[in-house]
Amino acid sequence: MLDYDLHCHSNISDGTLTPTELVDRAAGRGVKVMALTDHDDVDGLDEARATAIRHGMTFVNGVEVSVSWRSHTLHIVGLNITPSFQPLAEGLRVVRSGRGERAKKMSDALAKAGIGGVLEWAYQFANNPNMISRTHFARYLVESGHCRDVKSVFKRYLVKGKPGYVPHQWAALADAVGWIRGSGGVAVLAHPGRYMSGRVGMGKKTMRELLAEFVELGGQGIEVVTGSHTPEQYAEFARYAEEFNLLASCGSDFHGPGESYRDMGRLPDFPLGCRPVWEAWQNAGIQKAA
């Protein structure tokens, strides 16, 4: 089993736990090396690192950048980044700035579907109002009795083709990869098995076109073992990693108890032949917590 978790979220973005609570949970579940990868924000890294030091864990600076590519919204995880790198910091600020406008449009769309007054309540669930997201809307809709859980809200209201979905232009793929690489980080395509066209997967042809472009732009890794992947997808994306000479990453994509595909800790091993993403920084001077 893997004791690395290189993809998880705190309440700085759309997780339910503080950075301290998140790292405490990871430590308690046997994680030895972790990265905090909040959406489009790095404000939780210092707190998480301090907690990791207390637990004797290795901590890796991370972020998850929202990207628009063709008709798809993608997520690119940056690992071993330098958060203070100015192009990265400014790029993330610009990405965050569009969230408020999208939230207003989502609220209007839900009102037309018969669910009014959602915006104010969604903000009540956002610890960081600059990071208002679909997940905060979903939590309110669960609490108000419209759906039984967050996953059901997404399926019924918040994905493409549903009443509360609002398209949005995020960062360009080239920019996201450039910011991460420029900061000294490793760019990783997050949870590739989740990218859909309607109700079907992206398809092998489009996935190969995405990966070819990603690699050409400087992308170096792909999540093989992640919370939303099936065992069959572990093998599938291990094959893509080999085909495109990509490093394999892993992470729970944990957002909070009861809301996530998988809890932190005890991730399955990579399929045979994968080169782990941490090879990229083994000699880069990451300090192990003492």
Side-chain angles (χ1 to χ4, degrees), residues 5-19 21-23 26 34-48 60-69 72-81 83 85 88-103 105-106 122-123 125-140 150-151 153-154 158-159 165-173 175-177 179-180 183 185-192 194-195 221 223 226-228 249 251-256 259-262 264:
D5 195 323
L6 303 178
H7 186 165
C8 56
H9 300 273
S10 77
N11 66 355
I12 295 299
S13 61
D14 59 348
T16 61
L17 305 180
T18 67
E21 291 168 340
L22 184 72
V23 178
M34 75 169 285
L36 175 60
T37 56
D38 276 318
H39 293 283
D40 307 316
D41 202 312
V42 295
D43 282 355
L45 295 181
D46 288 345
E47 179 183 338
V60 181
N61 285 331
V63 69
E64 185 173 13
V65 185
S66 305
V67 164
S68 295
W69 181 80
H72 299 277
T73 297
L74 310 177
H75 292 135
I76 306 300
V77 165
L79 297 174
N80 194 30
I81 60 169
F85 179 62
L88 173 63
E90 176 61 17
L92 295 179
R93 185 196 66 77
V94 171
V95 174
R96 289 194 300 271
S97 70
R99 286 183 174 270
E101 180 182 352
R102 183 184 70 152
K105 291 179 180 178
M106 287 171 59
Y123 271 106
F125 284 83
N127 180 72
N128 178 357
N130 292 325
M131 287 302 301
I132 185 73
S133 74
R134 292 183 299 169
T135 303
H136 301 120
F137 279 75
R139 287 176 184 147
Y140 167 67
V150 167
K151 293 176 186 177
V153 177
F154 273 82
L158 300 181
V159 295
Y165 176 78
V166 173
H168 186 74
Q169 188 65 35
W170 302 105
L173 180 60
D175 289 339
V177 174
W179 300 334
I180 292 166
S183 77
V186 178
V188 176
L189 181 67
H191 44 63
R194 285 175 51 186
Y195 301 131
E223 283 187 349
T226 184
S228 56
S249 193
S252 60
D253 197 9
F254 182 78
H255 284 73
E259 286 194 6
S260 302
Y261 292 96
R262 191 181 188 100
M264 307 183 78

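Predicted model only: the values in this text are computed from it and were never measured.
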Please identify each residue that fulfils ring pair (Phe, Tyr, Trp, His ring centres under 6.0 Å) with Tyr140, with sequence neighbours left out.
Trp121
Is there a side-chain contact between Val65 and Ile180 (heavy atoms, below 4.5 Å)?
yes
Can you check whether Arg262 reaches Phe254 side chain to side chain, under 4.5 Å on heavy atoms?
no
Mind checking what makes side-chain contact (heavy atoms from CB on, under 4.5 Å) contact with Ala26, not counting sequence neighbours?
Val31, Met34, Met57, Met264
Ring pair (Phe, Tyr, Trp, His ring centres under 6.0 Å) partners of Trp69, counting only residues at least two apart:
none
What pairs with Ser249 under side-chain hydrogen bond (donor to acceptor under 3.5 Å, both in side chains), at least two apart in sequence or on another chain?
none
Output yes when Arg139 and Glu259 qualify as a salt bridge under the 4.0 Å nitrogen-oxygen rule, no when they do not.
yes
Across all chains, not counting sequence neighbours, the side-chain contact (heavy atoms from CB on, under 4.5 Å) partners of Ala122 are Ile132, Phe137
State the OH-CE distance between Tyr165 and Met106, to the nearest 0.5 angstrom.
10.0 Å
From His168 atom NE2 to Glu101 atom CD, the distance as rounded to the nearest 0.5 Å:
7.0 Å
As a quick check of understanding, evaluate side chain to side chain contact (heavy atoms under 4.5 Å, CB included) for Val67 and Thr73, giving each step before the final call.
CA-CA 6 Å; Val67 164; Thr73 297; over 6 Å; no
Can you tell me how far CD of Glu64 sits from CG of Leu92, rounded to the nearest 0.5 angstrom?
11.5 Å
With no hydrogens and no angle check, is any side-chain donor or acceptor of His255 less than 3.5 Å from a backbone partner on Asp253?
yes
Output yes when a side-chain donor or acceptor of Thr37 lies under 3.5 Å from a complementary backbone atom of Cys8, and no otherwise.
yes
Sequence neighbours left out, what passes side-chain hydrogen bond (donor to acceptor under 3.5 Å, both in side chains) with Gln169? Give chain and number order.
none
Nearest 0.5 angstrom please: Leu36 CG to Asp43 CG, how far?
10.5 Å
Rounding to 0.5 Å, atoms CG (Asn61) and CG (Leu45) come to a distance of 5.0 Å
Going from CG on Leu17 to OG on Ser10, what distance comes out if it is rounded to the nearest 0.5 angstrom?
8.5 Å
My understanding is that only residues two or more places apart in sequence, or in another chain, count here; which of them pass side-chain hydrogen bond (donor to acceptor under 3.5 Å, both in side chains) with Ser133?
His136
What residues form a side-chain contact (heavy atoms from CB on, under 4.5 Å) with Thr18, not counting sequence neighbours?
Asn11, Thr20, Glu21, Glu47
Which atom pair, heavy atoms only, marks the closest approach of Trp170 to Ser66?
CB-O, 3.3 Å
Under the side-chain contact (heavy atoms from CB on, under 4.5 Å) test, residues paired with Asn128 that sit two or more places apart:
Ile12, Asp41, Asn130, Met131
Restricting to side-chain hydrogen bond (donor to acceptor under 3.5 Å, both in side chains), what partner residues turn up for Asp46, sequence neighbours left out?
Arg49
Under the salt bridge (Lys or Arg N to Asp or Glu O under 4.0 Å) rule, collect the residues that match up with Asp14, sequence neighbours excluded.
none
Qualifying residues under ring pair (Phe, Tyr, Trp, His ring centres under 6.0 Å), relative to His75, sequence neighbours excluded
His39, His191
Hey, mind stepping through Val63 and Asp40 against side chain to side chain contact (heavy atoms under 4.5 Å, CB included) and telling me if it holds?
CA-CA 6 Å; Val63 69; Asp40 307 316; 5.7 Å; no
4.5 Å side-chain heavy-atom contact, Leu79 and Val188:
yes
Quick check: closest heavy atoms across Ala138 and Phe154, and the distance to 0.1 Å?
CB-CE1, 3.8 Å
Would a distance-only check, ignoring hydrogens and angles, find a side-chain to backbone donor-acceptor pair under 3.5 Å from Thr226 to Glu223?
no
Would you mind reporting whether Ile81 and Leu88 have side-chain heavy atoms less than 4.5 Å apart?
yes
